[in-house]
Amino acid sequence: MTPPQRRRRFPKAGQEPEPPTPQEGKAQDPPEGPKKNPERLYVITGPDGAERSELDLVTLIVAHADPPPSATPEQAALLRLCTAPLSVAELSAYLSLPFSVVTVLLTELLTAELVTARAPVIRQALADRSLLEAVMHGLQRL
Amino acid sequence: MDFKGSDTIPGPRTEDHLPPTAEAAVKIVIVGGFGVGKTTMVGSVSEIKPLTTEETMTQAGIGVDDNYGSETKTATTVAMDFGRISITEQLVLYLFGTPGQERFWFLWNGLFEGALGAVVLVDTRRLEVSFDVMDRLEERGVPFVVAVNTFPDGPRHAIEDLRGALDLSADIPIVECDARRRASSRDVLMTLMRFLHSLAVEKAPV
Ligand SMILES: Nc1nc2c(ncn2[C@@H]2O[C@H](COP(=O)(O)OP(=O)(O)OP(=O)(O)O)[C@@H](O)[C@H]2O)c(=O)[nH]1
Ligand SMILES: [Mg+2]
(Lines give C-alpha, C1' and ligand atoms only; values in the text may rest on other atoms or scores of the structure.)
(Ligands and ions follow the chains in the order given, each with its own letter.)
Protein backbone atom coordinates (compact mmCIF):
# COMPACT_ATOMS: atom_id res chain seq x y z
CA MET A 1 0.00 0.00 0.00
CA THR A 2 1.36 3.40 -0.97
CA PRO A 3 1.27 6.06 1.70
CA PRO A 4 0.14 9.61 0.86
CA GLN A 5 2.97 11.89 -0.16
CA ARG A 6 4.10 15.04 1.57
CA ARG A 7 5.58 17.96 -0.35
CA ARG A 8 8.09 19.64 1.88
CA ARG A 9 7.84 23.43 2.12
CA PHE A 10 11.00 24.11 4.09
CA PRO A 11 14.11 22.51 2.68
CA LYS A 12 16.25 22.33 5.79
CA ALA A 13 14.37 19.67 7.70
CA GLY A 14 15.10 19.57 11.39
CA GLN A 15 17.75 22.24 11.13
CA GLU A 16 17.63 25.50 12.96
CA PRO A 17 18.44 28.63 11.04
CA GLU A 18 22.16 29.33 11.24
CA PRO A 19 22.99 31.70 14.07
CA PRO A 20 23.96 35.05 12.54
CA THR A 21 27.34 35.37 14.23
CA PRO A 22 28.40 32.10 15.84
CA GLN A 23 30.75 32.83 18.70
CA GLU A 24 32.79 30.17 20.39
CA GLY A 25 31.37 29.24 23.78
CA LYS A 26 28.89 32.08 23.81
CA ALA A 27 25.17 31.34 24.01
CA GLN A 28 23.03 32.93 21.35
CA ASP A 29 19.54 34.32 21.66
CA PRO A 30 16.77 32.03 20.56
CA PRO A 31 15.96 32.46 16.89
CA GLU A 32 12.47 33.76 17.59
CA GLY A 33 10.26 35.11 20.31
CA PRO A 34 10.93 37.65 23.01
CA LYS A 35 14.25 37.53 24.74
CA LYS A 36 14.01 35.71 28.04
CA ASN A 37 15.16 38.15 30.62
CA PRO A 38 14.40 37.28 34.25
CA GLU A 39 14.60 40.95 35.20
CA ARG A 40 11.63 41.69 33.01
CA LEU A 41 9.37 39.07 34.58
CA TYR A 42 7.14 41.73 36.09
CA VAL A 43 6.17 43.34 32.84
CA ILE A 44 2.71 42.94 31.40
CA THR A 45 2.64 44.44 27.97
CA GLY A 46 -1.09 44.34 27.33
CA PRO A 47 -4.40 43.03 28.61
CA ASP A 48 -5.23 41.69 25.15
CA GLY A 49 -3.11 38.66 25.88
CA ALA A 50 -0.62 38.98 23.08
CA GLU A 51 2.34 39.23 25.40
CA ARG A 52 1.42 39.05 29.03
CA SER A 53 4.72 38.42 30.66
CA GLU A 54 7.90 36.50 30.29
CA LEU A 55 6.44 33.48 32.02
CA ASP A 56 6.83 30.13 30.30
CA LEU A 57 4.82 26.96 30.87
CA VAL A 58 7.89 25.49 32.57
CA THR A 59 8.99 28.50 34.59
CA LEU A 60 9.28 27.22 38.16
CA ILE A 61 7.43 29.30 40.75
CA VAL A 62 8.24 29.35 44.44
CA ALA A 63 6.27 31.20 47.11
CA HIS A 64 8.26 32.91 49.77
CA ALA A 65 5.48 34.37 51.86
CA ASP A 66 2.19 33.26 53.34
CA PRO A 67 -0.87 34.70 51.61
CA PRO A 68 -1.39 38.24 52.94
CA PRO A 69 -4.92 39.11 54.15
CA SER A 70 -5.32 41.25 51.02
CA ALA A 71 -4.76 38.27 48.68
CA THR A 72 -7.64 37.22 46.46
CA PRO A 73 -8.78 33.57 46.78
CA GLU A 74 -6.98 32.76 43.52
CA GLN A 75 -3.75 34.34 44.72
CA ALA A 76 -4.03 32.60 48.10
CA ALA A 77 -4.56 29.25 46.37
CA LEU A 78 -1.56 29.87 44.14
CA LEU A 79 0.67 30.77 47.06
CA ARG A 80 -0.36 27.66 48.96
CA LEU A 81 0.38 25.46 45.96
CA CYS A 82 3.91 26.64 45.36
CA THR A 83 5.48 26.41 48.80
CA ALA A 84 7.75 23.96 46.93
CA PRO A 85 8.78 24.79 43.34
CA LEU A 86 6.03 24.12 40.80
CA SER A 87 5.85 24.91 37.10
CA VAL A 88 3.32 27.37 35.71
CA ALA A 89 1.79 24.44 33.81
CA GLU A 90 1.26 22.47 37.01
CA LEU A 91 -0.25 25.51 38.73
CA SER A 92 -2.62 25.90 35.79
CA ALA A 93 -3.58 22.22 36.01
CA TYR A 94 -4.15 22.12 39.77
CA LEU A 95 -6.13 25.38 39.76
CA SER A 96 -8.09 24.39 36.63
CA LEU A 97 -7.34 27.82 35.23
CA PRO A 98 -6.05 28.52 31.72
CA PHE A 99 -2.33 29.24 31.38
CA SER A 100 -3.12 32.80 30.29
CA VAL A 101 -5.09 33.46 33.48
CA VAL A 102 -2.41 31.94 35.69
CA THR A 103 0.27 34.14 34.13
CA VAL A 104 -1.78 37.23 34.96
CA LEU A 105 -2.21 36.10 38.59
CA LEU A 106 1.47 35.23 38.84
CA THR A 107 2.55 38.56 37.43
CA GLU A 108 0.62 40.24 40.23
CA LEU A 109 2.31 38.02 42.79
CA LEU A 110 5.72 38.65 41.22
CA THR A 111 5.15 42.39 41.35
CA ALA A 112 4.13 42.08 45.01
CA GLU A 113 7.29 40.00 45.55
CA LEU A 114 5.29 37.16 47.10
CA VAL A 115 6.75 34.59 44.69
CA THR A 116 9.93 34.20 42.71
CA ALA A 117 10.24 32.72 39.25
CA ARG A 118 13.06 30.43 38.18
CA ALA A 119 13.44 30.97 34.48
CA PRO A 120 13.48 27.88 32.27
CA VAL A 121 16.52 26.71 30.43
CA ILE A 122 15.76 27.52 26.85
CA ARG A 123 17.05 26.03 23.68
CA GLN A 124 19.89 28.15 22.48
CA ALA A 125 20.86 28.60 18.87
CA LEU A 126 24.02 26.89 20.01
CA ALA A 127 22.62 24.00 22.02
CA ASP A 128 24.31 23.34 25.29
CA ARG A 129 25.82 19.91 24.99
CA SER A 130 26.22 19.33 28.71
CA LEU A 131 22.53 20.09 29.23
CA LEU A 132 21.60 17.54 26.56
CA GLU A 133 23.92 14.99 28.15
CA ALA A 134 22.38 15.58 31.57
CA VAL A 135 18.91 14.93 30.14
CA MET A 136 20.15 11.74 28.45
CA HIS A 137 21.61 10.45 31.71
CA GLY A 138 18.34 11.21 33.46
CA LEU A 139 16.33 9.35 30.81
CA GLN A 140 18.64 6.36 30.95
CA ARG A 141 17.79 5.89 34.61
CA LEU A 142 14.06 5.63 33.87
CA MET B 1 -14.41 32.38 35.50
CA ASP B 2 -15.06 29.00 36.93
CA PHE B 3 -12.82 29.17 39.93
CA LYS B 4 -13.09 26.61 42.70
CA GLY B 5 -12.66 27.90 46.25
CA SER B 6 -9.09 27.57 47.47
CA ASP B 7 -10.07 25.02 50.14
CA THR B 8 -11.07 22.52 47.49
CA ILE B 9 -8.00 22.89 45.29
CA PRO B 10 -6.25 19.54 45.09
CA GLY B 11 -2.54 20.24 45.16
CA PRO B 12 0.25 17.88 44.27
CA ARG B 13 0.52 14.75 46.38
CA THR B 14 3.48 14.84 48.75
CA GLU B 15 5.46 12.54 46.47
CA ASP B 16 4.72 14.83 43.50
CA HIS B 17 6.50 17.81 45.03
CA LEU B 18 9.71 18.88 43.36
CA PRO B 19 12.71 19.16 45.67
CA PRO B 20 13.42 22.72 46.86
CA THR B 21 16.68 22.50 44.90
CA ALA B 22 14.82 22.37 41.56
CA GLU B 23 15.98 25.45 39.76
CA ALA B 24 15.47 24.96 36.06
CA ALA B 25 13.22 23.12 33.66
CA VAL B 26 13.38 22.07 30.03
CA LYS B 27 10.58 20.87 27.80
CA ILE B 28 9.95 18.49 24.94
CA VAL B 29 6.76 18.57 22.90
CA ILE B 30 4.95 15.50 21.60
CA VAL B 31 2.74 16.47 18.71
CA GLY B 32 0.31 14.40 16.68
CA GLY B 33 -3.27 13.99 15.53
CA PHE B 34 -6.29 12.87 17.52
CA GLY B 35 -5.99 9.57 19.31
CA VAL B 36 -2.46 8.90 18.09
CA GLY B 37 -1.14 8.18 21.58
CA LYS B 38 0.18 11.54 22.86
CA THR B 39 -1.35 11.16 26.32
CA THR B 40 -0.30 7.51 26.44
CA MET B 41 3.30 8.42 25.68
CA VAL B 42 3.39 11.26 28.21
CA GLY B 43 1.86 8.98 30.83
CA SER B 44 4.13 6.03 30.22
CA VAL B 45 7.30 7.98 31.03
CA SER B 46 6.02 10.61 33.46
CA GLU B 47 6.78 10.39 37.17
CA ILE B 48 3.49 12.15 37.92
CA LYS B 49 0.05 11.22 36.70
CA PRO B 50 -0.37 13.31 33.53
CA LEU B 51 -1.93 16.70 34.23
CA THR B 52 -3.95 18.89 31.94
CA THR B 53 -3.61 22.58 31.27
CA GLU B 54 -6.33 24.27 29.31
CA GLU B 55 -6.42 27.23 27.04
CA THR B 56 -9.39 28.93 25.51
CA MET B 57 -9.41 29.46 21.80
CA THR B 58 -11.43 32.49 20.81
CA GLN B 59 -10.55 33.13 17.19
CA ALA B 60 -13.42 33.06 14.76
CA GLY B 61 -13.35 31.08 11.57
CA ILE B 62 -11.46 28.14 12.92
CA GLY B 63 -10.66 25.62 10.27
CA VAL B 64 -12.57 22.40 10.38
CA ASP B 65 -11.46 18.95 9.46
CA ASP B 66 -13.15 15.64 9.04
CA ASN B 67 -12.98 14.92 12.74
CA TYR B 68 -15.30 17.72 13.78
CA GLY B 69 -17.56 17.63 10.77
CA SER B 70 -18.99 21.01 9.82
CA GLU B 71 -19.16 22.38 13.35
CA THR B 72 -17.42 25.73 13.64
CA LYS B 73 -17.07 27.13 17.11
CA THR B 74 -15.95 30.59 18.11
CA ALA B 75 -14.69 29.57 21.55
CA THR B 76 -13.28 26.18 22.33
CA THR B 77 -11.28 24.91 25.21
CA VAL B 78 -8.22 23.01 24.20
CA ALA B 79 -6.50 20.74 26.66
CA MET B 80 -2.83 19.92 26.70
CA ASP B 81 -1.60 16.95 28.67
CA PHE B 82 1.78 17.04 30.26
CA GLY B 83 4.03 14.98 32.44
CA ARG B 84 7.28 15.41 34.27
CA ILE B 85 10.62 13.61 34.68
CA SER B 86 13.13 14.75 37.30
CA ILE B 87 16.56 14.66 35.69
CA THR B 88 18.68 15.78 38.63
CA GLU B 89 17.97 17.50 41.94
CA GLN B 90 18.21 20.76 40.00
CA LEU B 91 16.85 19.98 36.55
CA VAL B 92 13.34 18.92 35.54
CA LEU B 93 12.08 17.78 32.14
CA TYR B 94 8.48 18.44 31.14
CA LEU B 95 6.72 16.65 28.29
CA PHE B 96 3.75 18.28 26.61
CA GLY B 97 1.35 16.50 24.30
CA THR B 98 -0.32 18.84 21.84
CA PRO B 99 -2.73 18.26 18.96
CA GLY B 100 -1.26 18.69 15.52
CA GLN B 101 -4.18 20.06 13.54
CA GLU B 102 -3.75 23.54 12.17
CA ARG B 103 -6.52 25.08 14.22
CA PHE B 104 -4.59 24.33 17.40
CA TRP B 105 -1.43 26.03 16.29
CA PHE B 106 -2.25 29.07 18.40
CA LEU B 107 -1.22 26.87 21.34
CA TRP B 108 2.23 26.53 19.93
CA ASN B 109 3.51 30.03 20.49
CA GLY B 110 4.51 29.71 24.11
CA LEU B 111 4.88 25.97 23.82
CA PHE B 112 7.69 25.58 21.32
CA GLU B 113 9.54 28.67 22.40
CA GLY B 114 12.65 27.38 24.06
CA ALA B 115 11.63 23.72 23.73
CA LEU B 116 14.57 21.36 23.28
CA GLY B 117 12.81 19.63 20.43
CA ALA B 118 9.74 17.67 19.41
CA VAL B 119 8.53 14.16 18.79
CA VAL B 120 6.09 13.95 15.88
CA LEU B 121 3.88 11.00 16.67
CA VAL B 122 2.68 9.63 13.37
CA ASP B 123 -0.50 7.69 12.85
CA THR B 124 -0.24 5.64 9.67
CA ARG B 125 -4.04 5.76 9.42
CA ARG B 126 -3.94 9.55 9.09
CA LEU B 127 -0.51 10.38 7.80
CA GLU B 128 -1.61 13.72 6.35
CA VAL B 129 -2.07 15.34 9.77
CA SER B 130 1.68 15.16 10.32
CA PHE B 131 2.58 16.83 7.01
CA ASP B 132 1.56 20.32 8.11
CA VAL B 133 3.02 19.72 11.54
CA MET B 134 6.43 18.97 10.12
CA ASP B 135 6.29 21.98 7.78
CA ARG B 136 5.47 24.13 10.74
CA LEU B 137 8.28 22.75 12.91
CA GLU B 138 10.78 23.18 10.10
CA GLU B 139 9.57 26.75 9.64
CA ARG B 140 10.05 27.43 13.35
CA GLY B 141 13.43 25.75 13.42
CA VAL B 142 12.33 23.18 15.99
CA PRO B 143 14.35 19.95 15.64
CA PHE B 144 12.21 16.83 15.69
CA VAL B 145 12.23 13.08 15.33
CA VAL B 146 9.36 10.95 14.04
CA ALA B 147 7.84 8.14 16.08
CA VAL B 148 5.43 5.72 14.42
CA ASN B 149 3.26 3.75 16.77
CA THR B 150 1.74 0.66 15.39
CA PHE B 151 -1.99 0.24 15.73
CA PRO B 152 -3.44 -3.14 14.84
CA ASP B 153 -5.77 -1.57 12.26
CA GLY B 154 -3.20 0.81 10.78
CA PRO B 155 -1.43 0.25 7.47
CA ARG B 156 2.19 -0.85 7.87
CA HIS B 157 4.88 0.92 5.88
CA ALA B 158 8.57 0.24 5.80
CA ILE B 159 10.52 3.01 7.51
CA GLU B 160 12.20 4.03 4.26
CA ASP B 161 8.83 4.23 2.48
CA LEU B 162 7.65 6.47 5.28
CA ARG B 163 10.77 8.60 4.95
CA GLY B 164 9.95 9.08 1.31
CA ALA B 165 6.29 9.77 1.98
CA LEU B 166 7.12 12.25 4.73
CA ASP B 167 9.86 13.77 2.57
CA LEU B 168 12.34 13.66 5.40
CA SER B 169 16.06 13.85 4.84
CA ALA B 170 18.18 10.88 5.82
CA ASP B 171 19.49 12.41 9.04
CA ILE B 172 16.07 12.74 10.70
CA PRO B 173 15.44 9.67 12.85
CA ILE B 174 12.23 7.71 12.30
CA VAL B 175 11.52 5.04 14.91
CA GLU B 176 8.70 2.66 15.64
CA CYS B 177 7.31 2.62 19.13
CA ASP B 178 4.60 1.38 21.41
CA ALA B 179 3.55 4.46 23.36
CA ARG B 180 2.00 2.25 26.05
CA ARG B 181 5.38 0.86 27.06
CA ARG B 182 7.64 3.02 29.19
CA ALA B 183 10.86 1.57 27.74
CA SER B 184 9.65 2.18 24.20
CA SER B 185 8.61 5.78 24.90
CA ARG B 186 11.86 6.36 26.74
CA ASP B 187 13.75 5.11 23.67
CA VAL B 188 11.89 7.63 21.50
CA LEU B 189 12.97 10.43 23.83
CA MET B 190 16.54 9.11 23.81
CA THR B 191 16.47 9.11 20.01
CA LEU B 192 15.44 12.76 20.09
CA MET B 193 18.16 13.62 22.60
CA ARG B 194 20.85 11.84 20.57
CA PHE B 195 19.67 13.68 17.47
CA LEU B 196 19.80 17.03 19.29
CA HIS B 197 23.25 16.14 20.55
CA SER B 198 24.46 15.37 17.04
CA LEU B 199 23.11 18.75 15.86
CA ALA B 200 24.94 20.47 18.71
CA VAL B 201 28.19 18.69 17.87
CA GLU B 202 27.74 19.57 14.20
CA LYS B 203 27.33 23.25 15.03
CA ALA B 204 30.14 23.49 17.52
CA PRO B 205 32.64 20.72 16.88
CA VAL B 206 35.18 20.23 19.62
N1 LIG C 1 -1.56 -0.48 19.78
C2 LIG C 1 -1.25 0.70 20.30
N3 LIG C 1 -2.21 1.45 20.88
C4 LIG C 1 -1.88 2.64 21.39
C5 LIG C 1 -0.55 3.14 21.33
N6 LIG C 1 -0.52 4.38 21.89
C7 LIG C 1 -1.76 4.63 22.29
N8 LIG C 1 -2.59 3.60 22.03
C9 LIG C 1 -4.03 3.54 22.32
O10 LIG C 1 -4.68 4.51 21.52
C11 LIG C 1 -5.71 5.17 22.23
C12 LIG C 1 -5.55 6.66 22.18
O13 LIG C 1 -4.37 7.03 22.87
P14 LIG C 1 -4.21 8.48 23.55
O15 LIG C 1 -2.91 8.46 24.27
O16 LIG C 1 -5.41 8.85 24.31
O17 LIG C 1 -4.08 9.41 22.28
P18 LIG C 1 -4.01 10.99 22.24
O19 LIG C 1 -3.13 11.34 21.12
O20 LIG C 1 -3.68 11.55 23.56
O21 LIG C 1 -5.52 11.33 21.88
P22 LIG C 1 -6.29 12.74 21.96
O23 LIG C 1 -5.74 13.48 23.14
O24 LIG C 1 -7.71 12.36 22.11
O25 LIG C 1 -6.03 13.42 20.67
C26 LIG C 1 -5.69 4.57 23.63
O27 LIG C 1 -6.70 3.61 23.72
C28 LIG C 1 -4.31 3.95 23.73
O29 LIG C 1 -4.31 2.83 24.59
C30 LIG C 1 0.44 2.31 20.69
O31 LIG C 1 1.62 2.67 20.61
N32 LIG C 1 0.05 1.11 20.22
MG1 LIG D 1 -4.68 13.04 24.72
Side-chain angles (χ1 to χ4, degrees), chain A residues 1 3-10 12-17 22 24 30-33 36 56-60 73-74 76-77 80-81 84-87 89-90 92-101 118-123 126-129 131-140 142, chain B residues 3-6 9-12 17-18 20 22-27 45 51-56 82 85 87-88 91 93-94 110-111 113-116 127-128 131 135 138-141 143-144 155 157 161-162 165-169 171-172 182 186 189-190 193 196-197 199-201 203-204:
Chain A
M1 179 173 165
Q5 178 63 47
R6 169 185 180 226
R7 303 256 169 267
R8 206 195 310 183
R9 285 195 282 125
F10 297 86
K12 289 180 67 205
Q15 306 279 324
E16 294 168 57
E24 193 61 48
E32 61 188 24
K36 303 273 178 190
D56 189 277
L57 279 164
V58 300
T59 303
L60 298 178
E74 291 92 337
R80 274 192 282 271
L81 277 175
L86 214 53
S87 65
E90 280 163 297
S92 156
Y94 287 126
L95 292 170
S96 304
L97 291 175
F99 171 68
S100 50
V101 175
R118 301 174 179 181
V121 178
I122 56 165
R123 179 171 56 90
L126 273 175
D128 182 344
R129 241 183 276 177
L131 172 71
L132 299 176
E133 283 157 14
V135 173
M136 284 195 263
H137 284 133
L139 288 174
Q140 246 144 14
L142 266 186
Chain B
F3 186 78
K4 305 174 198 152
S6 63
I9 299 290
H17 281 292
L18 285 171
E23 58 187 28
V26 289
K27 56 186 172 179
V45 286
L51 294 169
T52 305
T53 174
E54 293 189 341
E55 198 46 273
T56 310
F82 65 98
I85 301 169
I87 299 296
T88 64
L91 183 64
L93 168 65
Y94 284 92
L111 185 60
E113 218 168 85
L116 292 178
L127 213 52
E128 309 77 40
F131 293 176
D135 280 336
E138 286 165 3
E139 189 180 21
R140 286 176 163 251
F144 64 89
H157 303 296
D161 290 345
L162 273 176
L166 297 173
D167 193 17
L168 292 176
S169 53
D171 60 318
I172 300 204
R182 167 175 278 215
R186 193 240 352 251
L189 296 177
M190 281 300 284
M193 295 313 300
L196 296 176
H197 195 265
L199 292 180
V201 170
K203 278 200 190 113

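If you're wondering where the values come from, they're calculated on a predicted model, not measured in any experiment. A, B, ... follow the sequence lines: proteins, then strands. Residue 1 opens every chain.
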Working to the nearest 0.5 Å, report the span between [atom1] of [X] and [atom2] of [Y].
X: B:M193; Y: A:L132; atom1: CE; atom2: CG; result: 4.5 Å
X: B:T52; Y: A:Y94; atom1: OG1; atom2: OH; result: 11.0 Å
X: B:L196; Y: A:D128; atom1: CG; atom2: CG; result: 12.0 Å

Proximity breakdown for [X] and chain A, heavy-atom pairs closer than 4.5 Å:
X: B:H17; answer: side chain
X: B:L189; answer: both
X: B:L93; answer: side chain

[Y] side chain reached by [X] side chain, heavy atoms, under 4.5 Å:
X: B:L111; Y: A:L57; answer: yes
X: B:L168; Y: A:R6; answer: yes
X: B:D167; Y: A:Q5; answer: yes

Verdict with reasoning, A:L139 to B:V45, per side chain to side chain contact (heavy atoms under 4.5 Å, CB included): CA-CA 9 Å; A:L139 288 174; B:V45 286; over 6 Å; no
Leading residue by heavy atom contact count with chain A [cutoff under 4.5 Å; candidates B:F82, B:F131, B:Y94]: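 Among B:F82, B:F131, B:Y94, the one with the most close pairs to chain A is B:F131.
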Nearest non-hydrogen partners of A:L81 and B:G11, listed with the distance: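 For A:L81 and B:G11, the tightest heavy-atom pair comes out as CD2-CA, 3.4 Å.
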Heavy-atom pairs under 4.5 Å with chain B, option from A:Q140, A:E133, A:M136 with the top count: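 Most pairs with chain B among the choices: A:M136.
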Most contacts with chain B, counted as non-hydrogen pairs under 4.5 angstrom, among A:P4, A:A134, A:A84, A:S92: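 Among A:P4, A:A134, A:A84, A:S92, the one with the most close pairs to chain B is A:P4.
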Contact origin within A:L60 toward chain B - heavy atom pairs under 4.5 Å: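 The side chain, not the backbone.
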Heavy-atom neighbours of A:H137 NE2 exceed 12 at 6.0 Å: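 Counting neighbours around NE2 of A:H137, 12 or fewer heavy atoms of other residues, nucleotides or ligands fall under 6.0 Å, so no.
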Donor-acceptor contact below 3.5 Å, side chain B:E55 vs main chain A:S100: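 Yes.
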